[in-house]
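One structure is given here, and the rest of the page talks about it.
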Amino acid sequence: MPLVTSKEMFEKAYKGGYAVGAFNVNNMEIIQGITEAAKELNAPLILQVSSGARKYANHTYLVKLVEAAIIETGLPICLHLDHGDTFELCKSCIDGGFTSVMIDGSHYNFEDNVELTAKVVEYAHSRGVVVEGELGRLAGIEDAVNVSDEDASYTNPAQVQEFVERTGVDSLAIAIGTSHGAYKFKPGQKPQLRFDILEEVERRLPGFPIVLHGASSVIPEYVETINKYGGSMPNAVGIPEDMLRKAASMAVCKINIDSDLRLAMTAAIRKYFAENPAHFDPRQYLRPARDNIKELVSHKITKVLGCDGKA
Ligand code: G3H
Ligand code: 13P
Ligand code: ZN
């Protein structure tokens with residue numbers, strides 16, 4: 001089974017009222033934990049690589065690790081570039097074996113976003129690769145994504161049809177109130193998503209797959225463990241799971257999860273060292289970290305995404 005694009009995955013997910021998980025990968029343990037869970041549950045899978053992950057782990061290592069996961073699991077896996085910010089980065093990933101790329105032109109004005117996205121689509125489609133675009137800006141801070149609350153903006157549904165028609169993108173990320181990282185709402189703020197915007201986008205683009213970034217739930221159990229064992233993450237809060245389930249039953253076909261993976265791994269490692277302060281063999285603390293990732297991804301697949309048995 002070679003790498004696949006997300007085209008068929010999204011068609012089935014849209015019709016079936018579920019979403020496919022897009023998990024960020026940075027190393028072998030993360031890839032193993034995610035793919036072992038997906039294999040057990042026969043779930044379709046998107047593994048995504050940010051430019052930061054590519055710098056950290058090296059393009060070839062990540063591609064080969066994902067290819068190894070396909071051999072081990074027999075699952076259809078889509079390998080996706082997360083938040084590509086230039087044509088050159090997208091081209092490099094397309095030439096280097098990725099089956100899907102995101103060109104994130106959301107920080108440009110509409111016309112410049114259309115122009116850049118259309119250029120990536122033209123290159124990608126002629127090589128059998130699919131493209132995700134973005135309209136609207138999510139708040140949050142990651143390696144390559146740094147948007148203040150004031151600069152964030154919801155997607156304007158009146159623009160989506162023209163954007164999709166003029167660019168030819170295969171899926172569209174929209175901003176409805178999610179944000180990147182582990183601090184998605186201010187202390188005391190009630191978590192809320194603009195389902196009215198999602199509904200309007202769905203009405204204007206019937207059958208078209210929508211993507212939700214910044215969709216970690218920042219699972220309280222992990223935050224509590226981190227804080228219990230020497231960490232300090234006060235006020236960490238994510239998207240409630242019932243909201244993600246609702247989005248998955250609507251036009252959202254791809255749900256991006258990175259922060260929850262980081263928290264699962266960090267919680268396991270902090271706990272391990274608190275209980276075994278003299279240990280120093282990386283296999284000893286990376287094993288529970290990998291197990292936690294597997295448990296987290298099983299939970300996401302069955303309780304949030306609803307894509308178990310759909311591979
Ligand atoms: O949305 C961004 C992802 O969480 C990737 O984060 O750029 O720190 O690898 P990163
Ligand atoms: P989280 O920070 O909510 O996990 O979002 C990840 C993401 O959107 C990757 O593109
Ligand atoms: Zn994102």
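Only this structure's heavy atoms are used, side chains among them; waters, hydrogens and symmetry mates stay out. Each ligand, and each atom within it, is numbered from 1 in the order the structure gives. Quick caveat: nothing in here was measured; it's all calculated off a predicted structure.
- Contacts with ligand 2 closer than 4.0 Å are made by no heavy atom of Ser50, backbone or side chain.
- Between Arg262 and ligand 1, a contact under 3.5 Å exists for at least one N or O pair.
- Shown in contact with Asp258 at under 4.0 Å from a heavy atom are these atoms of ligand 1, numbered in order with element: 3 (C), 4 (O), 5 (C), 6 (O).
- Remark: Glu11 CD is packed, more than 12 non-hydrogen atoms of other residues, nucleotides or ligands lying under 6.0 Å away.
- Applying the side-chain hydrogen bond (donor to acceptor under 3.5 Å, both in side chains) rule to pairs touching residues 215-231 yields nothing, sequence neighbours excluded.
- The atoms of ligand 1 that sit less than 4.0 Å from any heavy atom of Asn24 are 3 (C), 5 (C).
- Ligand 2 has an N or O atom lying under 3.5 Å from an N or O atom of Ala215, backbone or side chain.
- When the heavy-atom distances from atom 1 (P) of ligand 2 to Ser259, Ser179, Gly238 are ranked, the shortest goes to Ser259.
- Considering backbone and side-chain N/O atoms, Asn256 comes within less than 3.5 Å of an N/O atom of ligand 2.
- Numbered from 1 in the order shown, with element, the atoms of ligand 2 that lie under 4.0 Å from a heavy atom of His180 read 2 (O), 5 (O), 6 (C), 7 (C), 8 (O), 10 (O).
- When non-hydrogen atoms are compared, ligand 2 lies under 4.0 Å from the side chain of Asp82 (C-beta onward) but not from its backbone.
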Problem - Worked verdict on Tyr285 versus His279 for side-chain hydrogen bond (donor to acceptor under 3.5 Å, both in side chains) - result: CA-CA 8 Å; Tyr285 57 85; His279 286 189; over 6 Å; no
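- Ring centroids of His59 and Phe98 are separated by less than 6.0 Å, placing the two rings close together.
- Those atoms of ligand 1 with a heavy atom of Asp82 less than 4.0 angstrom away are 1 (O), 2 (C), 3 (C).
- The atoms of ligand 2 that sit less than 4.0 Å from any heavy atom of Lys184 are 1 (P), 2 (O), 3 (O).
- The side chain of Asn24, and not its backbone, has at least one atom closer than 4.0 Å to an atom of ligand 2 (non-hydrogen atoms only; side chain from C-beta on).
- A cation-pi geometry, defined here as NZ or CZ lying under 6.0 Å from the six-membered ring centre and within 45° of its normal, holds between Arg127 and Tyr123.
- Ring-plane geometry between His213 and His180 is classed as perpendicular, the angle between the planes exceeding 60 degrees on a 0 to 90 degree scale with a lower cut at 30.
- Taking CD1 of Ile197 as the start and OH of Tyr154 as the end, the distance is 6.5 Å to the nearest 0.5 Å.
- Shown in contact with His213 at under 4.0 Å from a heavy atom are these atoms of ligand 2, numbered in order with element: 8 (O), 10 (O).
- Between ND1 of His213 and NE2 of His180, the angle at the Zn ion (ligand 3) works out to 120°, rounded to 10 degrees.
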Exercise for the section: Show the numbers, then the answer: is there a salt bridge (charged side-chain N to carboxylate O under 4.0 Å, His left out) between Glu29 and Lys294? Expected result: CA-CA 10 Å; Glu29 283 76 11; Lys294 182 175 174 185; over 6 Å; no
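- Residue Met102 places every heavy atom at 4.0 Å or more from ligand 2.
- Close to ligand 2: Gln48, with a non-hydrogen atom less than 4.0 angstrom away.
- Near His83, meaning under 4.0 Å from one of its heavy atoms, ligand 2 places the atoms 10 (O).
- Linking ILVMFWY residues whenever their side-chain heavy atoms come closer than 4.5 Å, directly or via other members, leaves Ile301 and Val211 in distinct clusters.
- Both tests pass for Lys246 against the ring of Phe195: distance under 6.0 Å to the centre and angle within 45° of the axis.
- Interface of His83 with ligand 1, defined as ligand atoms under 4.0 Å from a residue heavy atom, comprises 1 (O), 2 (C).
- Val252 is connected to Leu135 through a chain of hydrophobic side-chain contacts under 4.5 Å among Ile, Leu, Val, Met, Phe, Trp and Tyr, so both are in one cluster.
- Contact atoms of ligand 2 toward Ile257: 4 (O) (distance under 4.0 Å to a heavy atom of the residue).
- In the hydrophobic clustering of this structure, Tyr108 groups with Val169; members are Ile, Leu, Val, Met, Phe, Trp, Tyr whose side-chain heavy atoms approach within less than 4.5 Å, directly or through other members.
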